[in-house]
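Data first, discussion second: the structure below is written as C-alpha cells.
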Amino acid sequence: ILALLLLLLLLLLLLLLLLLLLFHSSTYDHFFCSIHPNGTLQQLPQIIIIGVRKGGTRALIEMLSLHSAVAAAQNEVHFFDWESHFQRGLPWYLSQMPYAFPDQLTVEKTPAYFTSSKVPKRIHQMNPNIKLLLILRDPTERVLSDYTQVFYNRLQKHKRYQPIEYVLVKDGEINLGYKALNRSLYYVHMQNWLQYFPLESIHVVDGDELIRDPFPEMKKVERFLKLEPQINSSNFYFNKTKGFYCLRDHGRERCLHDSKGRAHPHVAPAILQKLYQFFHEPNKKFFELVGRTFNWK
C-alpha cells in the first residue's frame with residue numbers, strides 16, 4: 001500500500017511539473033485559450049502589429065487577413081498601453097481575440113504600442129518569441145497624416161483646430177512640443193524595442209511601398225511569418241476613384257474606410273524643407289539600427 005501511495009504521489013508531482021512547463025513555455029499562448037464547440041478557439045496572438053500610427057496598420061491587417069491561416073482581431077485592443085485594460089490581465093486580453101481554428105495564427109494591431117515605452121517589456125513578458133510587424137512611412141508624410149486625422153476629427157465634432165503651420169512651427173523653428181513629431185522619430189522608439197526583442201523578431205513593412213504596390217510587400221510579410229505562399233497579385237486592384245489599392249477576396253471586393261487616404265493640407269515648401277532637414281539625422285540613425293534604408297525625403 002505504501003508503495004502504491006508513493007507511486008501516486010510521484011505521478012501527481014509529474015503532472016504538476018508538466019502543468020508548470022506548459023504554463024511557462026513558449027506554447028503558453030496555445031495552452032491559454034478559450035475553446036468553442038465548433039472547434040475554433042480564442043488564443044493569445046502569435047503576431048502583433050505594433051505601429052506606427054498613420055503608418056498603414058489598417059491596410060496591413062486587412063491585407064494579412066486575405067491569408068486563410070490568419071485570424072485578425074477587428075478592433076485596436078490597447079491592452080499593453082492602456083492601464084485600465086492592462087490591469088484586467090491576460091484573460092481579458094484573450095477575450096478580445098477572434099475565434100480561430102487551431103492551425104491559424106492570431107494577429108492584433110494597436111498602432112500606439114510602438115511609441116509607448118512600457119509596451120515592449122510587457123509583450124516580452126507575455127511571449128518572448130512573438131512575431132512583431134511594424135509598418136512605417138516617410139516621417140514627414142506620417143506627421144502630415146497625423147495632423148489630417150486630428151483635423152477631420154475636430155471638424156466633425158465642430159471643435160476649433162489650429163492651422164498646420166501653427167502646430168509645426170514655433171518661433172520660426174520646428175515645434176518640438178508637437179507630439180506627432182515625436183511619433184516620427186522612429187529610432188528613439190526602435191531602440192526601446194531592441195532592448196527586449198532581437199531584430200529578427202521585428203519585420204519592418206515599407207508603408208509607402210505598400211500604398212504604391214502592395215503585393216511585393218505582402219510577400220515579404222508572408223515569408224517573415226513563415227506562411228504558405230497564398231496572397232497573390234489578383235487580390236489587389238487599383239481603385240481610380242479612391243486613388244489607392246483595394247482588396248479582392250474570393251470574388252468579394254472591399255476598400256478601406258473613406259477616412260483612409262485623405263488628402264493632406266497644403267504646407268508651404270519652406271516648412272516642408274524644415275521638416276525634411278529635421279528628420280534627416282534621425283532617419284540615418286534608424287537605418288543603422290535596422291540595417292536597411294528607405295526612400296524617405
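Residue indices begin at 1 and follow the sequence shown.
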Next on the checklist: Checking the side chain of Thr110 only, and the main-chain atoms of Val77 only, is there a donor and an acceptor separated by less than 3.5 Å?
Outcome noted: yes

inquiry  = Are more than 12 heavy atoms, taken from residues, nucleotides or ligands other than Tyr237, located less than 6.0 Å from that residue's OH atom?
reply    = yes

Give the ring-plane orientation class for Phe151 versus Tyr147, where under 30° counts as parallel, over 60° as perpendicular and anything between as tilted. parallel

Is it true that Gln46 and Lys131 share a donor-acceptor pair across their side chains at a distance under 3.5 Å?
no

- Query: More than 12 non-hydrogen atoms from neighbouring residues, nucleotides or ligands closer than 6.0 Å to CD on Glu228, yes or no?
  - Reply: no

Note to self: Between Arg248 and Ser234, do the side chains contain a donor N or O and an acceptor N or O under 3.5 Å apart?
What the structure shows: no

Taking atom NZ of Lys170 as the centre, does the number of heavy atoms from other residues, nucleotides or ligands within less than 6.0 Å exceed 12?
-> no

- Message: Evaluate Ile48 against Ile123 for side chain to side chain contact (heavy atoms under 4.5 Å, CB included), listing each step before the verdict.
- Response: CA-CA 9 Å; Ile48 299 181; Ile123 292 179; 3.9 Å; yes

Exactly one of Trp296, Tyr187, Tyr186 clears ring pair (Phe, Tyr, Trp, His ring centres under 6.0 Å) with Phe287, and that residue is Trp296

- Just wondering, are more than 12 heavy atoms of other shown residues or ligands nearer than 6.0 Å to OH in Tyr161? no

Q. Ignoring hydrogens and geometry, is there a side-chain-to-backbone donor-acceptor pair from Ser116 to Ala112 under 3.5 Å?
A. no

Would Arg212 and Asp208 count as a salt bridge (charged side-chain N to carboxylate O under 4.0 Å, His left out) here? Give the steps. CA-CA 6 Å; Arg212 280 192 287 268; Asp208 299 305; 5.4 Å; no

Worksheet item: When clusters are formed by joining ILVMFWY residues with side-chain heavy atoms under 4.5 Å apart, either directly or through shared neighbours, do Tyr113 and Leu199 land in the same one?
Response: yes

- Task: Kindly indicate, with the supporting measurements, whether the criterion salt bridge (charged side-chain N to carboxylate O under 4.0 Å, His left out) is fulfilled by Arg254 and Glu62.
- Result: CA-CA 10 Å; Arg254 68 182 193 274; Glu62 290 290 337; 3.3 Å; yes

- Message: Does this structure show an ion pair linking Lys297 with Asp138, if we count only N-O contacts that are shorter than 4.0 Å?
- Response: no

Notebook entry, point to check: Under 4.0 Å between a Lys/Arg side-chain N and an Asp/Glu carboxylate O for Glu288 and Lys285?
Noted result: no

### Query
So, do Phe80 and Tyr93 have ring centers that fall under 6.0 Å from each other?
yes

Are there over 12 heavy-atom neighbours, none belonging to Lys118, within less than 6.0 Å of that residue's NZ?
yes

Residues Leu105 and Leu225: closest non-hydrogen pair is CD1-O, 4.4 Å

Check your understanding: Is it true that the NZ or CZ of Arg122 lies under 6.0 Å from the centre of Phe86's six-membered ring and within 45 degrees of the ring axis?
Key -> yes

Indicate if Leu168 and Tyr166 have the same hydrophobic cluster label, given that clusters are the connected sets of ILVMFWY residues with side-chain heavy-atom separations under 4.5 angstrom. no

I want to know whether His189 and Phe114 have ring centres closer than 6.0 Å.
yes

